[in-house]
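Here the structure is laid out as structure tokens; the discussion comes afterwards.
Order of the sequence lines sets the chain letters (A, B, ...), proteins ahead of strands, with each chain counted from 1.
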Amino acid sequence: MEERVVRPGFHARVYDVVRKVPAGHVTTYGQVATVLGSPRVARHVGWALAACVAEDEVPWHRVINSRGRISFKGDTSRGEEQRRRLEDEGVAFDLKGRVDLKRYAWSFPGQSWPA
DNA sequence: TTGTTGACTCCCG
DNA sequence: CCGGGAGCCAACA
């Protein structure tokens with residue numbers, strides 16, 4: 001129950017949390033990790049999203065880093081796609097490619113798991 | 001089993 | 001705010 005231990009189904013939890021983010025809003029890896037019960041696993045949230053694809057129906061593009069920026073390890077092609085999707089949903093970007101978290105950050109219902 | 005890696009975050013300057 | 005360094009934990013070889 002309140003184990004909050006990261007189980008092998010970690011990805012599934014990440015996906016569910018990300019799916020709760022409505023269009024026009026964004027969240028951070030740390031936020032998702034916190035909802036999962038472990039703010040330290042922010043890196044694994046990104047890793048889980050990396051494994052996720054369109055078939056998973058996960059709005060991975062709504063997840064950015066704590067600085068309101070799009071972080072990638074080198075393949076910016078997905079970063080540009082992420083930015084395009086967010087702009088299409090009404091999320092404005094800074095000239096430096098940053099999002100105003102103050103305005104678009106989404107709060108999860110209960111901020112805990114399970115929801 | 002250990003060691004390396006990483007779509008991160010925090011601290012410092 | 002930005003950049004660099006250290007820490008974090010699970011997955012992978």
Side-chain angles (χ1 to χ4, degrees):
Chain A
M1 305 212 280
E2 281 69 300
E3 306 286 341
R4 284 191 189 99
V5 57
V6 183
R7 311 277 305 174
F10 179 76
H11 330 82
R13 301 190 182 207
V14 174
Y15 297 161
D16 274 347
V17 173
V18 176
R19 285 196 197 102
K20 296 179 192 305
V21 181
H25 287 271
V26 297
T27 188
T28 66
Y29 300 97
Q31 179 62 64
V32 175
T34 300
V35 174
L36 292 177
S38 301
R40 316 298 201 198
V41 301
R43 305 188 86 162
H44 305 78
V45 174
W47 172 81
L49 292 177
C52 122
V53 283
E55 298 93 74
D56 296 304
E57 301 179 354
V58 179
W60 57 270
H61 54 271
R62 291 181 195 147
V63 186
I64 55 183
N65 65 15
S66 61
R67 283 186 178 174
R69 261 206 180 198
I70 300 175
S71 298
F72 280 90
K73 58 189 273 194
D75 191 351
T76 52
S77 55
R78 276 181 198 143
E80 297 197 22
E81 180 182 329
Q82 176 171 18
R83 174 174 172 171
R84 185 189 64 78
R85 282 175 175 259
L86 289 176
E87 288 182 316
D88 185 56
E89 293 181 351
V91 178
F93 273 77
D94 184 284
L95 293 177
K96 299 183 180 74
R98 290 182 316 191
V99 179
D100 185 355
L101 289 176
K102 301 283 203 329
R103 172 174 173 164
Y104 298 106
W106 174 251
S107 299
F108 292 93
Q111 297 256 322
S112 59
W113 191 269

Fill in the blank from the handout: When rounded to whole Å, the CG to P distance for the pair A:N65 and C:dC8 reads 20 Å
Problem - Side chain of A:Y29 - closest among B:dC8, B:dC11, C:dC9 - result: B:dC8
Practice task
Could you tell me which residues satisfy salt bridge (Lys or Arg N to Asp or Glu O under 4.0 Å) with A:E80, sequence neighbours excluded, listed by chain and number?
Solution key: none
Fill in the blank from the handout: When every non-hydrogen atom of A:V99 is compared with those of A:V26, the smallest separation belongs to CG1-CG2, 4.1 Å
Distances for protein N or O near nucleotides 1-6 of chain B N or O, under 3.5 Å:
unit_1: B:dG6; atom_1: N2; unit_2: A:H44; atom_2: NE2; d: 3.2

Problem - Between B:dC8 (C1') and A:L36 (CG): distance, integer Å - result: 14 Å
Problem - Donor-acceptor under 3.5 Å (A:T28 side chain, A:Q31 main chain) - result: yes
Handout entry: A:R62 side-chain N/O to A:V21 backbone N/O, donor-acceptor pair under 3.5 Å
Key = yes
Handout entry: Nearest-angstrom distance from the residue atom CD1 of A:I64 to P of B:dC8
Key = 12 Å
Completion exercise
From CG of A:L49 across to P of C:dA11 the rounded distance in Å is 15 Å
Practice task
Please determine if a side-chain N or O atom of A:S66 lies less than 4.0 Å away from the OP1 or OP2 oxygen of B:dT9.
Solution key: yes
Problem - Nucleotide nearest A:V41 when distance is taken to its side chain, options B:dC11, B:dT9, C:dC9 - result: C:dC9
Exercise for the section: Can you tell me the distance, in whole Å, between the NZ atom of A:K96 and the P atom of C:dG3? Expected result: 10 Å
Fill in the blank from the handout: Winner on side-chain proximity to A:R40, out of C:dC9, B:dC11, B:dT9, is C:dC9
Practice task
State, without any angle test, whether A:H25 and A:E89 hold a side-chain donor-acceptor pair at a distance under 3.5 Å.
Solution key: no
Problem - Length of the CZ-P vector between A:R13 and C:dA10, whole Å - result: 13 Å
Problem - Partner set under side-chain hydrogen bond (donor to acceptor under 3.5 Å, both in side chains) for A:R19, not counting sequence neighbours - result: A:D16
